[in-house]
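Structure first, commentary second.
For the numbers below, each heavy atom of this structure counts, side chains included, while hydrogens, waters and symmetry mates do not. This one's a predicted model, so the numbers in the text were calculated from it and none came from an experiment.
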There are 2 protein chains.
Amino acid sequence: MRTAADIRRMNSFAVVRAIHANGGASRRELVDITGLSFATVAAICTKLLELGVIAEVARKRAPAGRPTATLSLNPEHGFLLGVDIAETYVHVEAFDAALEPISSTQYDIDTHERSPDQVVERVKSAIAAERARHQGRALLGVGVSAPGQVDQVGGTSVFAPNWDWHDVPLRDMLADSVDAPLFLDNPLKSLAIAEMWAHPERRGQDFVVLNLGTGVGAGIAIGGRVVRGRMNSAGEWGHMVIVADGRACRCGSRGCVEAYVGAPGILQTLREAYPDSPLLHGDDQTATIAALAAAADDGDPAALDVIERTSHYLGIATASIVNLLNPDIVLLGSWVAELLGKHLLDRARTHLQAHALAVPMAAVAFELQHPRGNSVSLGSATFALEGYLDSVPDGTTDPETTPRRRTVG
Amino acid sequence: MRTAADIRRMNSFAVVRAIHANGGASRRELVDITGLSFATVAAICTKLLELGVIAEVARKRAPAGRPTATLSLNPEHGFLLGVDIAETYVHVEAFDAALEPISSTQYDIDTHERSPDQVVERVKSAIAAERARHQGRALLGVGVSAPGQVDQVGGTSVFAPNWDWHDVPLRDMLADSVDAPLFLDNPLKSLAIAEMWAHPERRGQDFVVLNLGTGVGAGIAIGGRVVRGRMNSAGEWGHMVIVADGRACRCGSRGCVEAYVGAPGILQTLREAYPDSPLLHGDDQTATIAALAAAADDGDPAALDVIERTSHYLGIATASIVNLLNPDIVLLGSWVAELLGKHLLDRARTHLQAHALAVPMAAVAFELQHPRGNSVSLGSATFALEGYLDSVPDGTTDPETTPRRRTVG
DNA sequence: GAGGGTTATTTTTGGTCTCGGAAATACTTC
DNA sequence: GAAGTATTTCCGAGACCAAAAATAACCCTC
């Protein structure tokens with residue numbers, strides 16, 4: 001952001017985003033959306049058309065005058081892979097260059113298959129399966145999300161608590177299985193970036209996506225940029241303390257949000273209050289949470305009690321974020337939110353209201369996220385798309401949100 | 001940040017900052033610091049010299065070669081006022097255009113003098129006193145910090161809990177007493193901006209200044225920008241919950257950080273554990289905290305116990321920030337930190353370590369802030385300086401940190 | 001003491017790039 | 001062919017950078 005070329009890159013990037021957000025736009029519309037001059041928009045579009053990043057997909061004829069050429073991201077330009085490495089599965093999804101999902105492959109990971117080599121093997125075969133489906137099309141990039149602390153510049157998993165991984169060089173391990181740039185990041189950052197691409201108004205907002213799963217965390221974006229922190233570890237909302245000297249957390253601390261709001265924490269709340277509850281499916285989190293949701297639908301008092309207790313903690317933990325960051329919007333996402341969200345939302349909002357200051361409370365929207373498919377793989381693919389755009393000669397980039405590029409393979 | 005002029009403004013701003021941070025610099029040094037080309041630096045400096053914003057203050061002669069012209073912010077160019085409206089006093093400080101303090105006036109505010117008119121009267125007379133001291137010099141701008149929720153764009157105090165103010169139009173009320181642009185903001189933001197100007201390396205870091213006084217809060221800066229949130233209310237760290245259903249807080253919630261770590265909270269801890277302690281000076285916070293510090297110096301076990309308990313809560317509350325934001329540095333400031341800091345710091349760090357995740361913990365520096373004088377008035381004056389630079393024709397600005405300009409009077 | 005040599009700092013010049021505004025051009029319907 | 005809208009093209013202004021030219025000392029010799 002120092003020389004004229006940087007301006008062109010930023011404006012070029014803004015045009016690409018506007019086209020994507022609009023699902024296709026004419027040059028005139030782009031002028032209105034981006035605020036750039038007609039001349040500039042025309043020049044940028046010409047360049048992007050030459051590169052094949054965008055294409056003229058339709059001409060809208062009007063009663064009079066030259067018909068409008070609708071520009072859109074060029075789905076023929078190639079495809080992207082978004083990889084979501086989670087604690088229990090590997091999900092690999094293919095997207096066209098307009099970020100529309102095309103196909104996906106998912107493999108479960110057994111609890112005992114936890115070594116880096118075993119997991120990487122799974123990832124590789126899922127990638128190979130998707131790669132094979134799209135023979136002949138150019139692979140523009142691969143984005144990979146891995147749980148825990150991830151060094152997105154170095155491409156390593158610094159620490160994954162659930163598998164006890166330390167400094168696993170995931171990008172290098174995967175490099176020989178893909179002939180395209182590979183971007184590694186953390187699911188929280190993927191969620192935030194996906195939200196920004198799917199909802200262009202988010203660029204001008206400060207927002208937080210709360211990820212409610214086995215682990216919990218927050219994807220934070222401020223001023224149109226994903227918050228990463230010094231070590232790309234920002235967003236560990238799950239390990240904020242809400243009960244001093246409270247429940248032991250798997251992180252070694254006590255009273256963490258995750259110990260109450262994470263799926264195992266919800267199970268623990270259920271087990272402590274109703275040790276013999278028929279809703280308990282042993283340690284099977286998904287089954288138990290699903291049973292809880294079904295029972296709550298039927299008005300089961302025990303289920304509603306557990307949900308109320310969970311909402312209490314969720315509301316408090318959300319209040320801390322609302323007070324600290326004063327965001328425009330807080331979203332609840334991931335599988336626990338999908339199963340229990342409708343029961344949690346209003347109850348948690350009540351507790352949020354009781355603990356948040358009036359001014360930030362009045363300003364915040366507290367809602368369920370409505371994902372199209374797997375947001376994490378979408379976000380990972382988005383990182384790959386940004387990386388690709390960044391790498392294009394005379395290309396387009398947002399120097400703030402794009403991870404520093406590092407081509408592999 | 002869209003056209004070439006924006007680039008010039010940003011680079012111009014970078015040059016001003018570099019000159020200030022260095023306490024004067026040659027053009028050659030500016031090239032190294034800013035990364036700009038020599039030609040660009042020369043052009044910018046010529047312009048700034050013409051405007052009188054900077055001046056050539058010295059020529060360093062070397063054993064050979066053309067002597068180096070040292071450029072520095074031009075203190076003769078005019079002066080700034082920084083106003084710190086606090087709960088118990090009004091502090092007005094004059095700074096030259098190089099942000100060096102020149103003089104200051106402070107008036108106490110009695111507990112019963114809490115109406116907007118009364119407080120504004122105090123502020124006006126303090127400003128008048130400082131104004132009178134610098135007759136004949138140009139007043140470039142006035143920065144005002146007011147406690148509570150402040151709308152810095154509209155220039156109003158939205159809500160000040162300690163005085164029960166609602167929507168007080170402070171800027172308009174003060175406008176007729178100053179013939180210069182007036183900028184209103186919140187002390188937390190002032191602290192953050194002051195820290196950035198005083199320590200240039202902070203621009204590239206994510207940092208948090210914890211303000212430990214009667215109320216507590218956090219000045220947050222991410223990516224060189226002060227975090228404001230939707231309503232400029234970000235930073236209310238004092239009202240994050242660390243003890244679910246804990247102590248009642250004056251905000252109406254329970255278990256807030258402030259209820260434990262704010263000065264009244266520390267007094268409460270002391271009173272609950274040692275009801276007859278000689279350290280207690282009734283409700284006089286300053287006297288009691290000072291007595292606590294003195295007793296701790298002497299190894300008094302009761303004082304050390306209270307400090308240990310406070311450190312526990314402080315460490316937990318800091319851990320939440322470290323986990324959520326993964327900052328490079330967390331600083332402790334304000335009068336409680338000045339009095340008790342040396343006793344709190346290492347103890348709190350122990351608790352921080354116990355509650356923070358390993359990766360962000362390893363990355364963070366946890367230190368006492370070393371302010372030169374009143375950081376809040378310095379920061380307020382800095383907002384005024386930024387506003388002034390922004391207003392200069394062909395001037396310099398950082399569009400991100402500068403509050404939108406709004407000239408009054 | 002005067003004048004040329006040295007050396008590091010600044011200033012100028014020339015080339016390339018971007019943006020915006022306005023005029024010119026393209027494309028379609030009536 | 002006229003009318004009407006959508007793009008493209010054509011400047012001019014301004015910003016950056018690289019490199020050449022100018023400047024302002026000091027130092028040393030004559």
Once you round it to whole Å, what is the distance between C1' of D:dC16 and CZ of B:Arg9?
-> 18 Å
Take the protein atom CG of B:Leu36 and the nucleotide atom C1' of C:dT10, then report the distance between them rounded to whole Å.
-> 16 Å
Any chance you could list the contact pattern along nucleotides 7-12 of chain D? Use B for base contacts, S for sugar-phosphate-only contacts and - for none, protein heavy atoms under 4.0 Å, 5' to 3'.
-> BBB---
Of the listed C:dC17, D:dA18, C:dG20, the closest approach to the A:Thr40 side chain comes from C:dG20
How many Å lie between CD1 on B:Ile44 and C1' on D:dG14, as a whole number?
-> 13 Å
Applying side chain to side chain contact (heavy atoms under 4.5 Å, CB included), run through B:Val153 and B:Asn232 and close with a yes or a no.
-> CA-CA 9 Å; B:Val153 178; B:Asn232 197 36; over 6 Å; no
side-chain N/O A:Arg8 vs C:dC17 OP1/OP2, d < 4.0 Å | no
Could you go through the side chain to side chain contact (heavy atoms under 4.5 Å, CB included) check for B:Glu50 and B:Thr46 one step at a time?
-> CA-CA 6 Å; B:Glu50 268 174 34; B:Thr46 303; 4.1 Å; yes
When the distance from CG of B:Asp32 to P of C:dT10 is rounded to whole Å, what number comes out?
-> 12 Å
Interatomic distance where CG belongs to B:Leu71 and C1' belongs to C:dT10 [whole Å] | 11 Å
Grab the CD1-C1' distance between A:Ile7 and D:dA13 for me, whole Å please.
-> 14 Å
From A:Ile220, A:Val150, A:Val226, residue fulfilling side-chain contact (heavy atoms from CB on, under 4.5 Å) relative to A:Lys189 | A:Val226
Donor-acceptor under 3.5 Å (B:Arg230 side chain, A:Asp206 main chain) = no
Qualifying residue for side-chain contact (heavy atoms from CB on, under 4.5 Å) with A:Met196, from A:Gln205, A:Arg17, A:Arg202 = A:Arg202
Under 4.0 Å: is that the gap between some side-chain N or O of A:Ser37 and OP1 or OP2 of C:dG20?
-> yes
C:dT11 P sits how many Å from B:Lys47 NZ, rounded?
-> 15 Å
If we only count heavy atoms from C-beta on, is the B:Leu140 to B:His77 side-chain gap below 4.5 Å?
-> yes
Tell me, do B:Val142 and B:Phe183 make a side-chain contact under 4.5 Å, heavy atoms counted?
-> no
Taking every non-hydrogen atom, the tightest pair across A:Arg8 and A:Ala43 | NH2-CB, 3.9 Å
Side chain to side chain contact (heavy atoms under 4.5 Å, CB included) evaluation trace for B:Leu71 with B:Arg27 = CA-CA 8 Å; B:Leu71 302 169; B:Arg27 292 169 177 81; 3.8 Å; yes
If you fit an axis to the five pairs at each end of the helix from C:dG1-D:dC30 to C:dC30-D:dG1, how big is the angle between those two axes, to 10 degrees?
-> 30°
Any A:Asn11 side-chain nitrogen or oxygen under 4.0 Å from OP1 or OP2 of C:dC19 | yes
